[in-house]
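Following: one structure in structure tokens, then a few remarks.
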Amino acid sequence: MSQPTVSVSLRAQHATIAESKSLVSEILNDAWDPKTNPSGFFNVGIAENVLMHDALLGYINQKVDLPAKYLTYNDGGGGSRRLKGAITEFLNRHLQPIIPLQPHHIIVTNGVSAAIEHLSWVFTNEGEGILLGKPYYGAFIPDMSTRPAAAVIPVDFNGSDPFGVAAVECYEHSLLAFQHETRKKVRALMLCHPHNPLGRCYPRDTIVEVMKLCQKYRLHLISDEIYALSTWENRVDTNPEPVEFESVLAINKSNIIDENLVHVLWGMSKDFGANGLRIGTIISQANRELHAALQGPSLYSYVSGLSDYITANILRDTDFTDRYLRLNREKLAAAHQFVAGYLKDRGFEYQTGCNAAFFLWVNLGKRYLERHPQMQYEGHSLTAEVMERLLQQKVFLASGIAFGSEHPGWFRIVFSQPMEYLQESLRRIEAALDE
């Protein structure tokens, strides 16, 4: 009998293998619930903010009166005129761009992941590079490489502060090494600002130096600002001193970088705790070629009419959004204070000086070795061992392996959950390390 033939493409096979190594689907399908699934996972690894769900749902459920137009293709795949208008007005207030946003600067996508994939597809030919500093948000790699086939170049900082001006030399070194080794161009640099998983914002001086590097090599600067409005007061540790968020759009780029090389991403998933609405935004104020190139492919990232309508309702209501963002920041500050205080009191090493997003970068490997001094590990085998023990305790964190950590044993803890949920999660984490 002949061997069965493979029925999918090579790229599909690669995607299948990559997905088989991801735990996210398993965790989402086995989430703890006190009534329906008491043996499920406590999930403090996936970046979802549930602290304001009641407030947002209460607002949405009072405001849905869907016109028939939203059952049609409406104004096309890049978002309705109404939604683009609402986004521009909202972001002009909160990001304070030097050049005010206009609706034609914006392409709306079904989530920021789709926006990232679009930009990778537009800016790179197969095998060309995109620079990405370590540690990084793990999904950046598949977003930029699985279908667009770009080569993501992880940048080591070798002990330098990734938020400092000196880090720009590391980006340049990685760029030159890649181009020398592959004879292919680097086309873009991805900046996550505020940073995932480190929870810090880039200082203006560093952003300006990154812009100069991009101008020098004609790189597209992509600033993912999906956590832009999820900043808060750090009440626990201020070393290094937290930096206030300033959008790339708010920096005067004259004599620094061409405007057509600068692109910003934003969406509803994080600042409004609404991953499920699937609203992402590409902001490119001067690159007409980008907008023309994405008119056709926007068909594949079409936003649901219902999400389009609901999001415009939310963003146009200035009183509601001001109250919402203020309360969200207060709750995030309190949650960070609880988790950071817990870690600090117990002597855990973690990334200090955070003031943005909703996670902490913590060294669980160090604590595990302190409690098991006889154990020996090489490289990221320590991270894998700790991860296995966490899963045995039915608690899920994002592993440093998936985030390109330069050092073993680091994990991302998401703290945007109710206090009781965080208490039980932390208890299980310590139990995993004590075993």
Side-chain angles (χ1 to χ4, degrees), residues 12-34 36-50 111-114 116-117 132 134-147 152 154 192 196-199 226 269-270 273 275-276 278 339 350 357-365 367-368 377 379-417 421-422 424-435:
Q13 293 174 51
H14 291 161
T16 301
I17 293 169
E19 180 60 26
S20 71
K21 298 176 182 178
S22 173
L23 288 168
V24 172
S25 295
E26 178 183 347
I27 301 304
L28 291 174
N29 287 305
D30 190 18
W32 174 85
D33 183 276
T36 62
N37 193 25
S39 62
F41 281 94
F42 275 74
N43 175 14
V44 284
I46 297 174
E48 290 190 314
N49 179 3
V50 307
V112 171
S113 290
I116 294 167
E117 186 182 79
L132 179 65
K134 294 182 177 180
Y136 47 72
Y137 167 52
F140 276 150
I141 303 287
D143 289 349
M144 292 188 282
S145 65
T146 298
R147 293 197 298 186
V152 181
C192 192
N196 178 3
L198 299 181
I226 195 171
S269 293
K270 311 305 179 184
N275 291 22
R278 309 312 304 143
V339 175
Y350 67 94
F358 27 84
F359 26 73
L360 278 167
W361 190 237
V362 58
N363 189 352
L364 299 184
R367 174 53 59 92
Y368 180 72
Y377 297 95
H380 279 292
S381 62
L382 170 62
T383 313
E385 174 67 18
V386 174
M387 188 69 178
E388 181 62 31
R389 290 176 179 267
L390 291 168
L391 295 175
Q392 289 171 6
Q393 289 290 332
K394 301 292 284 199
V395 60
F396 176 70
L397 279 70
S399 161
I401 295 174
F403 281 62
S405 176
E406 294 185 63
H407 306 287
W410 289 82
F411 290 79
R412 186 188 73 175
I413 298 178
V414 175
F415 56 74
S416 47
Q417 295 281 354
Y421 193 94
L422 292 174
E424 178 59 17
S425 299
L426 292 167
R427 185 196 70 77
R428 293 183 181 216
I429 290 167
E430 285 213 277
L433 301 177
D434 285 341
E435 255 188 0

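The figures here come from the full heavy-atom set of this structure, side chains too, leaving out hydrogens, waters and symmetry mates.
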- With sequence neighbours left out, what residues match E406 under salt bridge (charged side-chain N to carboxylate O under 4.0 Å, His left out)? none

- Just how far is it from atom CD of E385 to atom CZ of R389, taken to the nearest 0.5 Å? 4.5 Å

- Message: Given 3.5 Å as the limit, does a donor-acceptor pair link the side chain of Y421 with the main chain of N43, or not?
- Response: yes

- Message: Given 3.5 Å as the limit, does a donor-acceptor pair link the side chain of K270 with the main chain of N275, or not?
- Response: no

- Do you know the tightest heavy-atom contact between S425 and F42? OG-CD2, 3.5 Å

- By salt bridge (charged side-chain N to carboxylate O under 4.0 Å, His left out) - contacts of R278 (at least two apart): none

- Please report the shortest heavy-atom distance between S399 and T383, naming the atom on each side. OG-CG2, 3.4 Å

- Item | Side chain proximity check, Q393 to I429, heavy atoms < 4.5 angstrom | no

- Item | Minimal non-hydrogen separation, F358 against S416, with atom names | CD1-OG, 3.3 Å

- Using modelled atom types only, decide if a donor and an acceptor are shared between the side chain of R412 and the backbone of G45 within a distance under 3.5 Å. yes

- Look at the side chain of N37 and the backbone N and O of A31, then say whether any donor-acceptor pair between them is shorter than 3.5 Å. yes

- Item | Gap between atom CZ of R428 and atom CG of L433 - 0.5 Å precision | 14.5 Å

- Where the side chain of T16 meets the backbone of A12, is there a donor-acceptor pair that is under 3.5 Å apart? yes

- Value for CZ (F140) from CG (N196), rounded to nearest 0.5 Å, stands at 7.0 Å

- Query: E430: what forms a salt bridge (charged side-chain N to carboxylate O under 4.0 Å, His left out) with it, not counting sequence neighbours?
  - Reply: R346, R371

- Query: Looking only at heavy atoms, what is the nearest atom pair of P154 and K134, with distance?
  - Reply: CB-CE, 3.5 Å

- Query: Taking C-beta and beyond as the side chain, do V414 and I46 meet within less than 4.5 Å on heavy atoms?
  - Reply: no

- Side-chain donor or acceptor of S145 paired with backbone N/O of I141 under 3.5 Å: yes

- May I ask you to decide if S25's main-chain N or O and N29's side chain share a donor-acceptor pair within less than 3.5 Å? yes

- Message: To check you understand the geometry: which heavy-atom pair defines the closest contact between P408 and G379, and what is its length?
- Response: CB-O, 3.2 Å

- Task: Kindly say whether N363 contributes a backbone atom to a donor-acceptor pair with the side chain of H407 at under 3.5 angstrom?
- Result: no

- Shortest non-hydrogen pair, F403 vs A398, comes out as CE1-CB, 3.5 Å

